[in-house]
Amino acid sequence: MQVAEPPGASSTTTETVNHMIGGDEVPSKSGRTFGSLNPATGREIARVAFGEAEDVDAAVRAAREAYERRVWAGMAPGGRARIMRRIGDLIRERADVIGAVESADTGKPLGQATAEVTLAADFFTYFATHAELPDGRTHPADAGYFVYSKREPYGVVGAISPWNYPFLLACWKTAPALAVGNSVVLKMAEQSPLSTAHLGRLVLEAGMPAGVFNVVHGDGPTTGAALVAHPDVPKLTFTGSTAVGKEILRVSSQWIKSVHLELGGKTPNIIFDDADREQAIAGSLFTAFYNTGQICTSGTRLLVQRDAKDSIVEQFVERARKIRVGDPTAPGTQLGPLISREQLERVTGYIEEGRRGGATLATGGGLVGSGAGGYFIEPTVFTDVTPDMRIAKEEIFGPVLSVMTFSSEEEAVRIANDVMYGLAATLWTTDLGRAFRMADRLEAGIIWTNCPHYLPVNVPYEGHKLSGLGEDLGVEAQNTFTHLKTHAINFGGGKLEWA
Ligand code: NAI
Ligand code: MG
């Protein structure tokens, strides 16, 4: 298989991508760099500055200084909103260029990567309104007293982002924090830092004052950990693995930081025998395999009602075999590679585990285009999976589906809830009563009936169990990125007589 570089990607091959600190693109103080690969070829496409504790500290100081000078938080709400909307407009205008870079850095099909960039623009457009929303209230009080409380920005927000939706998540994590007046230091995933360099420049071009939005590149144990441990970063927002989320909470306990976490999942995708079959199969293929299964809400456990199982699984497998995996720059490609060799090893390890554990490999399991250097893998379906198997319990983050059966709503709920995660659940049914009954009992932050992954930016959600902490999106995000301040005033309510 031949994989071509997409247009725009070549522009990143010679330059070194630097940090964005205080409005300047700067290398690491140590001069250290790392390579970012194209996972479709395994080849390095750019050098990137590797941030150490001193670089993270410089970024936090720039962010803190911008916050203390109130260049952003003190700006008129309408002015902040206008700049946020302008960022959204610029992202839309440049979606082709940024999308090409994103595709080369992550292996996403080019059209998909570009669509994600366009979607990312909506985060700035929508959250711009938060700059102008009322954010406090007054409280009933004694005569002669006036009491109000309002939400205030934390100051510096540290955002740590993963590689599965790099540009989209960079906007998702920072736009709501910026809208309410915080400064931000963003640490992008080391596998996919390139598109964020565009964001750093574009934010300045839109008129955001220097130092409000800072980007530091590097890995987790050095760069991410320095941001988490920095005493001047009272708020953290993280998307990634549950293991790292736990570590962030542990370190944060030293300063009692406020931590927002969006972690792993093992989403049950439940098909009842009354479902619209065609829609259920199409939607289940989408949620199991889209983005090569690298979504925290991927529907990776297919629960099928026993009587419908054989015909549904047969059609599902037949269509899974036809999914086009390959060159992300080719127009018909549906799935690109996994992000890295580590992920490929991790995913093939789970496939091996599924075989050894007694599940039946119905399709897939192999690598695609071996020799091309990319991390391509076939959409894989295991049947005869039991809820206790590791492939039924753990997040694989690849195109690997575990099929199980159930007889009753009761049994479906029991299997669905029998994992440590509680992020999302998908239902396929035409019985509305059943949808409400199931939604009440499923342990998940968001439930989709006949519409997997439906999540417009104005709709809030929150991970349950080990899938997360804190509210995301919607007007709720305003509370997530502010803390409360209360002011009581005695303007004639009587004198204090004590001692
Ligand atoms: P990860 O959780 O290690 O990395 C995510 C981000 O956290 C990256 O920016 C990384 O540099 C940073 N990070 C890592 N260790 C850190 C630390 N000690 N302190 C601060 N920041 C740190 O995820 P990884 O290793 O890339 O993928 C492993 C698994 O995690 C995947 O197979 C998948 O199961 C899960 N994952 C879940 C995601 C989600 O959307 N919920 C996204 C990415 C991964
Ligand atoms: Mg890359």
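Heavy-atom basis, side chains included; hydrogens, waters and symmetry copies ignored. Just so you know, these numbers come straight off a predicted model, no measurement behind them. First listed ligand is number 1; within each ligand, the first listed atom is number 1.
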What atoms of ligand 1 come closer than 4.0 angstrom to any heavy atom of [X]?
X	result
Pro162	42 (C), 43 (C)
Ala189	9 (O)
Gly224	19 (N), 20 (C), 21 (N)
Glu395	33 (C), 34 (O), 35 (C), 37 (C)
Ser161	6 (C), 8 (C), 9 (O)
Cys296	39 (C), 40 (O), 41 (N)
Lys187	8 (C), 9 (O), 10 (C), 11 (O)
Thr239	40 (O)

Report task. Check Leu178, Asp122, Leu473, Thr174 against Phe127 for a side-chain contact (heavy atoms from CB on, under 4.5 Å) and give me the one that passes. Result -> Leu473
Query raised in the report: Would atom 9 (O) of ligand 1 count as contacted, meaning some protein heavy atom under 4.0 Å?
Result: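 True for atom 9 (O) of ligand 1.
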Query raised in the report: For atom 1 (P) of ligand 1, is the nearest protein heavy atom closer than 4.0 Å?
Result: yes
Query - Note, Phe316 side chain near Leu401 side chain (heavy atom, < 4.5 Å) - result: yes
Query raised in the report: Does the side chain of Val244 reach to within under 4.5 Å of the side chain of Ile160, using non-hydrogen atoms?
Result: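 Contact flag for Val244/Ile160 side chains = no.
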Does [X] approach ligand 1 within less than 4.0 angstrom via side chain, backbone, both or neither, non-hydrogen atoms only?
X	result
Glu190	side chain
Ile295	neither
Arg346	side chain
Leu227	neither

Residue, atom name and distance, where the atom is the protein heavy atom closest to [atom]:
atom	result
atom 14 (C) of ligand 1	Gly220 CA, 3.4 Å
atom 3 (O) of ligand 1	Val244 CG2, 3.5 Å
atom 26 (O) of ligand 1	Trp163 NE1, 2.6 Å
atom 12 (C) of ligand 1	Ile160 CG2, 3.7 Å
atom 38 (C) of ligand 1	Phe397 CZ, 3.4 Å

Report task. For the pair Arg414 and Asp418, evaluate salt bridge (Lys or Arg N to Asp or Glu O under 4.0 Å) and give the outcome as yes or no after the intermediate values. Result -> CA-CA 6 Å; Arg414 195 163 4 97; Asp418 188 21; over 6 Å; no
Report task. Could you say whether the N/O atoms of Gly240 and ligand 1 ever approach to under 3.5 Å? Result ->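 The answer is yes, given that Gly240 and ligand 1 share an N or O pair closer than 3.5 Å.
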Query raised in the report: Polar-atom distance check: Ile396 versus ligand 1, any N or O pair below 3.5 Å?
Result: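 Min N/O separation from ligand 1 is not below 3.5 Å for Ile396.
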Requested in this report: Give a yes/no answer: is there an N/O/S atom of Asn38 under 2.8 Å from the Mg ion (ligand 2)?
Outcome: no
Query raised in the report: Do any of the N/O/S atoms of Pro193, backbone or side chain, fall under 2.8 Å from the Mg ion (ligand 2)?
Result: no
Query raised in the report: Are the aromatic ring centres of Tyr290 and His453 under 6.0 angstrom apart?
Result: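 No - the distance between ring centres of Tyr290 and His453 does not fall below the 6.0 Å cut-off.
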Query - Approximate separation, where rounding is to 0.5 Å, of His217 NE2 and Met20 CE - result: 9.0 Å
Query raised in the report: Heavy-atom distance to atom 40 (O) of ligand 1: which of Thr223, Asn164, Val251, Asp219 wins?
Result: Asn164
Query raised in the report: Has Arg341 got more than 12 heavy atoms of other residues, nucleotides or ligands less than 6.0 Å from its CZ?
Result: no
Query raised in the report: Is a salt bridge present between Glu25 and Arg201, judged by a nitrogen-to-oxygen distance below 4.0 Å?
Result: yes
Query raised in the report: Do Glu54 and Lys29 meet the salt-bridge criterion of a basic N to acidic O distance under 4.0 Å?
Result: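 The answer is no: the pair does not qualify as a salt bridge.
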Query raised in the report: Considering residues at least two apart in sequence or located in another chain, which fulfil the ring-ring contact (aromatic ring centres under 6.0 Å, His included) criterion with Phe397?
Result: Trp163
Query raised in the report: Taking the non-hydrogen atoms of Gln343, is any one of them nearer than 4.0 angstrom to ligand 1?
Result: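 Flag set, Gln343 near ligand 1.
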Query - Evaluation steps, side chain to side chain donor-acceptor pair (under 3.5 Å), between Asn214 and His19 - result: CA-CA 8 Å; Asn214 306 274; His19 311 301; over 6 Å; no
Requested in this report: Only one of Thr239, Thr480, Thr237 passes side chain to side chain donor-acceptor pair (under 3.5 Å) with His260; say which it is.
Outcome: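 Exactly one option meets the side chain to side chain donor-acceptor pair (under 3.5 Å) with His260, and it is Thr237.
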Report task. Answer yes or no for Lys108 and Tyr165: cation-pi contact, defined as NZ/CZ to six-membered ring centre under 6.0 Å and angle to ring axis within 45°. Result -> yes
**Report entry** Side-chain donor/acceptor of Asn182 to backbone N/O of Val156, under 3.5 Å
**Finding:**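 The answer is no, because no donor-acceptor pair under 3.5 Å joins these two groups.
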Query raised in the report: How open is the angle at the Mg ion (ligand 2) from atom O of Asp105 over to atom O of Leu37, rounded to 10 degrees?
Result: 90°
Query - Non-neighbouring partners of Asn164 that pass side chain to side chain donor-acceptor pair (under 3.5 Å), sequence neighbours left out - result: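 Listed in chain order: nothing, the list is empty.
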